[in-house]
Amino acid sequence: MAGHGADEHPHGADRLCETGDRVYSRAVRRGRLPRREAERVPCLMELALLHPDPDDMDWLVPTSPQEVMTRLLRGMYDEVRASQRRVGSAVAAFEWYAGLGRQVPAGGSSEGPAIRVLDGLARIQAAMDEATQACTTEVLTVQPGGIRREAELSEGLHRAMALRGRGVRMRDLYTHVARHGHGLLNYLELMGDAVEARTLDEVIERLILFDRTVAFIPANSERTMALELRHPALVEYLGTVFERLWRLAIPLTAPLPDTGIEGISHREQSIAALLAEGHQDAVIAERLGISVRTCRAHIARLSETLGAASRTQLGVRIAQAGLDKPRGPEVTLSGRESRTAR
């Protein structure tokens, strides 16, 4: 019976496989059974539920059910004792760490580490909820990825409403594509004057900054991990990045500037500039927050408008039309920056 056993029957005596149950039951009823009948269930021998008959090695006799039950109860008792020991060790460790926490010197930080890795959506949400509860002044966010899904907006709505209720001001940066999302418009309508929104051709990766004291950024491409940043220099740097992007951005209620070239939209102008830089379609789509299919449709319209028969010729025509460099926003705000109307 070599080569059989645990790999084919990964179970214990407390949960026999169907064949093992049938063969063992037969052995108990008959008192013994031929060895060949147990060849399909080597688990019975390995679990000591069957053993050779000392009077005839071609036959197997069963271990009595009472002995099997005693063995199972003994195993359960040992597991409970082991669990109790682990619980005791965990409690002792908790008390030891708690004691260390009380010994932190007066100059130590009470806010925890300057950089903390949050692994898993549950930990990220818990940390965000904690930061929301502590926030008293402002929240700055950068939201890449184009049109926001309804689920994303709904997930953060409870935090936004809590902040609004406390008079916290919020400023959000999106890509221009987000202007076409009805969910975002509904969200802004619901939030009223508590939120200002502006858009850019491109934005940086997701950023959420509370009171200029704690920031959250993604730690992997799937956004299932995040970094919680409390180091003053890092937080100040991210705040400065946000403010510079904010000054370049266009208020959501203001129209996008005209390209000055008939038949070419603002988005196609942005695509043209990125094509001139040598980026592939997929990269351009990701940076602008649109699908690759949509991006290629815009490129086709660009080619048709500029009379280009190939990608190489399109690059030349883009340069000739002066579309090879992104243009700055033509909207200027005088005096106090206007808030997004709802």
Side-chain angles (χ1 to χ4, degrees), residues 141-153 172-188 197-207 217-218 220-223 241-242 244-333 340:
T141 74
V142 178
Q143 302 289 357
I147 295 177
R148 303 287 310 281
R149 295 196 302 260
E150 295 279 355
E152 291 179 345
L153 293 167
D172 299 335
L173 277 172
Y174 302 92
T175 60
H176 292 323
V177 178
R179 292 169 172 256
H180 305 291
H182 294 295
L184 175 60
L185 298 177
N186 293 337
Y187 164 78
L188 295 175
R198 294 187 181 185
T199 64
L200 284 164
D201 285 326
E202 303 176 57
V203 295
I204 59 174
E205 250 297 356
R206 180 165 293 173
L207 166 68
I217 61 174
N220 64 352
S221 58
E222 296 80 15
R223 294 178 180 166
V241 170
F242 179 91
R244 293 187 180 180
L245 290 175
W246 183 260
R247 285 196 292 271
L248 293 172
I250 301 171
L252 194 66
T253 51
L256 296 179
D258 186 77
T259 62
I261 302 177
E262 185 177 356
I264 295 181
S265 67
H266 185 89
R267 186 184 300 178
E268 287 160 359
Q269 179 185 15
S270 302
I271 291 173
L274 291 171
L275 282 172
E277 292 178 11
H279 296 293
Q280 299 297 318
D281 297 358
V283 175
I284 295 173
E286 181 180 4
R287 288 177 61 167
L288 298 184
I290 58 178
S291 68
V292 176
R293 181 177 180 179
T294 299
C295 179
R296 286 172 178 163
H298 282 296
I299 292 174
R301 282 196 290 271
L302 263 175
S303 297
E304 182 179 355
T305 303
L306 296 177
S310 66
R311 282 293 181 97
T312 301
Q313 190 176 20
L314 177 60
V316 174
R317 296 292 170 84
I318 285 173
Q320 290 174 342
L323 296 173
D324 54 338
K325 295 181 179 61
R327 300 182 184 182
E330 297 175 9
V331 175
T332 58
L333 300 177
T340 304

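Taking 4.5 Å as the limit, some side-chain heavy atom of Leu288 sits within range of a side-chain heavy atom of Leu274. The side-chain heavy atoms of Leu306 and Ile264, taken from C-beta on, include a pair separated by under 4.5 Å. The closest side-chain heavy-atom distance from Leu252 to Arg198 is not below 4.5 Å. Put simply, the side chain of Ile299 reaches to within 4.5 Å of the side chain of Leu314, judged on heavy atoms.
Take Gln280 and apply the side chain to side chain donor-acceptor pair (under 3.5 Å) test, not counting sequence neighbours, and it matches no residue. Partners of Thr199 under the side chain to side chain donor-acceptor pair (under 3.5 Å) rule, at least two apart in sequence or in another chain, are His176, Arg179. Applying the side-chain contact (heavy atoms from CB on, under 4.5 Å) rule to Val316 yields the partners Gln320; only residues at least two apart in sequence or on another chain are considered. Listed by chain and number, the residues in a salt bridge (charged side-chain N to carboxylate O under 4.0 Å, His left out) with Glu286 amount to none (sequence neighbours excluded). Take His298 and apply the ring-ring contact (aromatic ring centres under 6.0 Å, His included) test, not counting sequence neighbours, and it matches no residue.
To the nearest 0.5 Å, the span separating CD1 on Ile217 from CD on Glu205 amounts to 9.0 Å. The CG atom of Leu256 sits 5.0 Å away from atom CD1 of Ile250, with the distance rounded to the nearest 0.5 Å. Rounded to the nearest 0.5 Å, atoms CD (Glu268) and CG (Leu302) are 5.0 Å apart.
With Leu200 as the partner, the side chain to side chain contact (heavy atoms under 4.5 Å, CB included) test is satisfied by one option alone out of Leu245, Thr175, Val142: Leu245.
Of all non-hydrogen atoms in Ala197 and Tyr174, the two that sit nearest each other are CB-CE1, 4.1 Å. The two residues Val292 and Ala282 make their nearest non-hydrogen contact at CG2-CA, 3.9 Å. Across every non-hydrogen atom of Asn220 and Arg223, the tightest pair is OD1-N, 2.9 Å. Taking every heavy atom of both residues into account, Ala276 and Ile318 meet most closely at CB-CG2, 4.4 Å.
The side chain to side chain donor-acceptor pair (under 3.5 Å) pairs that include a residue from residues 305-318 are Asp281-Arg311, where partners are two or more places apart or lie in different chains.
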